Protein chains: 4
Amino acid sequence: MPSAPISPRKTPRQARARATVAAIEEAAAHILTHGGVDALTTNLVAARAGVSIGSLYQYFPTKEAILAELLRKLRREHLHDLERAAQQGGDDLRSTTTRMIRASIAHHTEAPELARALEAAESHLPLDAESEALKTQISAIWTATLSTHALPDPSQAAFDLAALTHGMVTRAVQAGERDWDNLAARVTRAALGYLHLCTQDDHQPTQQP
Amino acid sequence: MPSAPISPRKTPRQARARATVAAIEEAAAHILTHGGVDALTTNLVAARAGVSIGSLYQYFPTKEAILAELLRKLRREHLHDLERAAQQGGDDLRSTTTRMIRASIAHHTEAPELARALEAAESHLPLDAESEALKTQISAIWTATLSTHALPDPSQAAFDLAALTHGMVTRAVQAGERDWDNLAARVTRAALGYLHLCTQDDHQPTQQP
Amino acid sequence: MPSAPISPRKTPRQARARATVAAIEEAAAHILTHGGVDALTTNLVAARAGVSIGSLYQYFPTKEAILAELLRKLRREHLHDLERAAQQGGDDLRSTTTRMIRASIAHHTEAPELARALEAAESHLPLDAESEALKTQISAIWTATLSTHALPDPSQAAFDLAALTHGMVTRAVQAGERDWDNLAARVTRAALGYLHLCTQDDHQPTQQP
Amino acid sequence: MPSAPISPRKTPRQARARATVAAIEEAAAHILTHGGVDALTTNLVAARAGVSIGSLYQYFPTKEAILAELLRKLRREHLHDLERAAQQGGDDLRSTTTRMIRASIAHHTEAPELARALEAAESHLPLDAESEALKTQISAIWTATLSTHALPDPSQAAFDLAALTHGMVTRAVQAGERDWDNLAARVTRAALGYLHLCTQDDHQPTQQP
DNA sequence: GATGAATGAGGATTCATTCAT
DNA sequence: CATGAATGAATCCTCATTCAT
């Protein structure tokens with residue numbers, strides 16, 4: 001269980017330094033995407049980044065720090081997408097939920113392997129302040145969205161919807177699915193069902209129970 | 001791309017050998033539960049099992065084979081629980097689904113850390129015949145259950161419900177939740193919503209959208 | 001550097017025991033032939049011989065003892081072949097030499113891989129009495145043969161001819177040669193040249209130096 | 001059937017690195033000379049070289065790569081010696097052959113144990129391009145030398161002479177012989193005999209068959 | 001600041017050999 | 001006597017990290 005510092009060792013001030021950091025992150029992301037965590041070795045990252053191993057350690061105190069930074073970046077993007085989805089459009093719960101689910105899908109969609117690898121690594125990572133804050137904010141957005149409607153426990157619902165979405169999307173992506181509209185529709189159906197906002201209107205045949 | 005043999009090296013014939021194998025599996029499960037995959041070293045497993053490293057390799061050709069065996073055991077239990085849930089009780093889709101969801105919860109509930117670790121490891125494991133068969137059978141049970149009712153694509157629904165359940169349960173367990181009845185109710189709500197079998201009856205207030 | 005006993009642990013008296021020993025030797029020879037020394041593990045030998053590892057150690061105190069026994073067997077056969085070659089036919093040096101060379105070729109010819117492996121292993125083996133004796137006898141035969149003719153140092157010549165033959169044959173076999181008559185002719189030419197018994201008679205064109 | 005890369009992992013750029021590599025090769029040669037291939041363990045080599053095991057693996061990807069490098073060095077020297085022997089002096093076949101045989105003797109003479117160990121190891125080694133090239137060139141020199149004279153199959157003769165020389169020298173060295181002039185004379189006699197260039201002139205008494 | 005050589009603890013796996021049953 | 005389960009020293013090799021230049 002590591003307890004070492006997990007944030008970048010020093011914030012790059014000069015342009016060259018910023019480029020170095022970017023190269024390292026890019027290299028790490030590439031390796032993570034194509035080879036998984038097991039392939040992520042500091043020496044390989046440095047090599048792919050075209051940087052000496054010494055320089056890598058100039059900016060990242062440990063290997064975990066690299067992973068943590070990539071994870072933060074991913075979460076930042078996710079938060080940003082969710083924020084846009086929550087604000088834009090009408091405040092109709094159904095359509096807002098749908099937009100947010102689409103945003104979550106997009107999150108796993110751009111670089112599925114990378115997202116998978118980072119999330120798997122998350123449990124080994126000591127959580128820094130920013131990561132915690134991001135998680136809280138993401139959760140807060142869902143909660144806020146759901147709070148505009150009468151729900152007994154909006155934060156519980158937020159938690160469950162995030163989990164449900166994450167579970168379905170992850171598995172679908174893993175299974176090679178690529179029809180995002182179809183996937184979004186299915187996830188939405190489950191989510192609205194959870195919220196007791198059932199719909200018989202979708203392109204779904206009638207049922208005889 | 002894994003390719004090595006993954007089944008146990010030889011089947012223990014004598015009682016002593018069976019005890020050895022059991023001790024190894026138990027030790028591995030314990031380590032996996034408390035330290036995760038990274039803590040699972042063959043030497044540690046052997047030590048905890050009170051067995052020499054040589055004995056471990058008599059029965060498991062590689063470290064992965066141990067993981068594979070534990071995974072098989074987990075799936076066997078899961079399959080068994082699902083079968084019971086599918087058969088027992090009326091063929092009412094709602095109650096059958098509820099029972100199956102409860103069975104799935106139980107699957108993650110007895111040893112959550114172990115299940116998490118094993119599932120995370122699964123993608124690195126070369127799947128043997130039995131593992132494949134178990135996966136197929138588990139999937140088939142869901143499909144069969146859903147097929148008794150008019151659904152456009154039962155196998156798709158089976159896939160989605162399993163993913164949805166898995167996602168919600170995993171996260172809840174991870175977050176420290178222990179009220180399984182409550183969890184089961186929430187998952188079921190999402191599942192029935194997905195299946196267009198909405199309910200206003202649960203201990204849930206009515207909503208005005 | 002082993003100094004342990006190298007002769008069989010006990011001489012098999014009963015028929016069953018003799019069969020066991022034979023099976024072990026056969027298995028070891030097979031493995032040596034097809035996989036080389038590195039493939040020769042005691043457990044594998046026992047398995048191939050259809051014998052328990054415990055039984056193997058009943059008859060051979062160490063792995064080296066098995067190799068030593070195979071080597072002795074090989075040398076016994078070589079000695080026997082050489083004896084026949086030395087005795088049979090006229091005592092004409094040229095033809096005797098030819099016959100003995102043919103015998104040596106045969107020695108490497110029946111199971112080239114085995115012979116190679118055993119000879120390579122020889123240097124690691126503590127020499128037992130019988131092996132020493134066999135070597136002496138083989139050398140003595142060459143010496144005796146050459147002694148019937150006026151040579152300054154028959155034992156030196158014996159040594160050299162054996163080495164020359166061994167070197168040429170080994171390499172030729174290794175290179176995949178299979179025309180033994182041709183090989184024998186070439187070796188003989190070198191041998192007779194060494195003995196100053198030159199021949200312009202072979203199917204060899206005339207030379208202009 | 002070997003297939004792994006066998007050339008050094010990276011070429012040392014700094015002086016310190018070059019010293020490390022040299023130390024490793026020296027240590028390996030020493031161990032090989034005094035203990036044989038079985039004594040050659042990577043940890044021992046590193047220890048004797050006064051270098052960490054990690055450093056060893058910076059420059060040699062596998063243990064075999066070390067052997068391969070030593071073998072290459074040996075062959076390079078052999079080739080060089082042969083080239084000098086072939087060029088210098090008159091083009092008289094007899095004296096050229098003698099010089100080349102002396103060169104070959106020198107090859108086994110400087111570090112007999114090392115040469116023996118390396119040659120024994122050769123069959124287990126995946127041959128890289130340079131090794132192949134060296135072998136070809138060595139063989140070509142013999143062939144070229146013999147081609148200047150009317151011989152039915154110069155490349156066959158080259159092969160045989162190399163084998164004959166190798167066999168006699170190896171055995172003589174092994175037997176503790178140190179009088180190289182005498183050895184060279186005997187080998188030459190066999191070689192010239194093979195080539196049908198017999199001599200009664202050496203310090204050898206006349207024979208009556 | 002940058003470089004890359006060096007480090008060495010740690011981890012997977014093998015195999016000759018012993019010994020209780 | 002036979003069996004085969006158990007042993008553990010020994011071996012190859014990796015990779016995060018440090019530090020002299």
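Since the structure is predicted, the reported quantities are computational estimates derived from the model, not experimental observations. Each chain gets a letter, A, B and so on, in the order the sequences are listed, and its residues count up from 1.
If you measure from atom NZ of B:K63 to atom C1' of E:dA12, you get 8 Å, rounded to the nearest angstrom. Straight-line distance from the CZ atom of C:F60 to the P atom of E:dC15: 20 Å, rounded to whole Å. Here the P atom of nucleotide E:dA16 and the OH atom of B:Y57 are 18 Å apart, to the nearest Å.
Applying the 3.5 Å distance criterion, the base of F:dA6 shares a donor-acceptor pair with the side chain of B:Q58.
For CZ of A:R116, the number of neighbouring non-hydrogen atoms (other residues, nucleotides, ligands) closer than 6.0 Å is 12 at most.
For the pair A:I53 and B:R16, nearest-nucleotide mapping onto DNA chain E gives the more 5' position to A:I53. Ranked by how close their nearest DNA chain F nucleotide is to the 5' end, D:S55 and B:L56 are led by B:L56. Residues B:T20 and C:T20 both approach DNA chain F. Their nearest nucleotides, taken by heavy-atom distance, put C:T20 toward the 5′ side.
The shortest non-hydrogen separation linking A:A39 to A:L44 is O-CD2, 3.4 Å. Between D:L71 and D:L118, the shortest heavy-atom contact is CD1-CB, 3.7 Å. Shortest non-hydrogen contact noted between C:T42 and C:Y57 is CG2-OH, 3.4 Å.
Contacts with DNA chain F (heavy atom under 4.0 Å) in residues 30-50 of chain A: A:L40, A:T41, A:T42, A:N43, listed by number.
With respect to the salt-bridge test (charged N to carboxylate O, under 4.0 angstrom), the residues A:E69 and A:R72 qualify.
Side-chain proximity of B:T62 to the nucleotides E:dT13, E:dA16, F:dA2 is greatest for E:dT13. Listed nucleotides: E:dT7, E:dT13, F:dT7. Nearest to the side chain of B:S52: F:dT7.
Distance check: D:T41 OG1 to D:I53 CD1 gives 8.0 Å after rounding to the nearest 0.5 Å.
Side chain of A:S55 to backbone of A:Q58: no donor-acceptor contact under 3.5 angstrom is found.
Considering only side-chain N and O atoms, A:Y59 lies under 4.0 angstrom from the phosphate OP1 or OP2 of E:dA2.
The one candidate from D:V21, D:N43, D:I24, D:T20 that meets the side chain to side chain contact (heavy atoms under 4.5 Å, CB included) condition with D:L56 is D:I24.
For C:E130, the side chain to side chain donor-acceptor pair (under 3.5 Å) test picks out C:R76, with sequence neighbours left out.
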5'-to-3' dot-bracket of DNA chain E (Watson-Crick, G-U; under 3.5 angstrom; crossing pairs as [ ]; | other strand): .||||||||||||||||||||
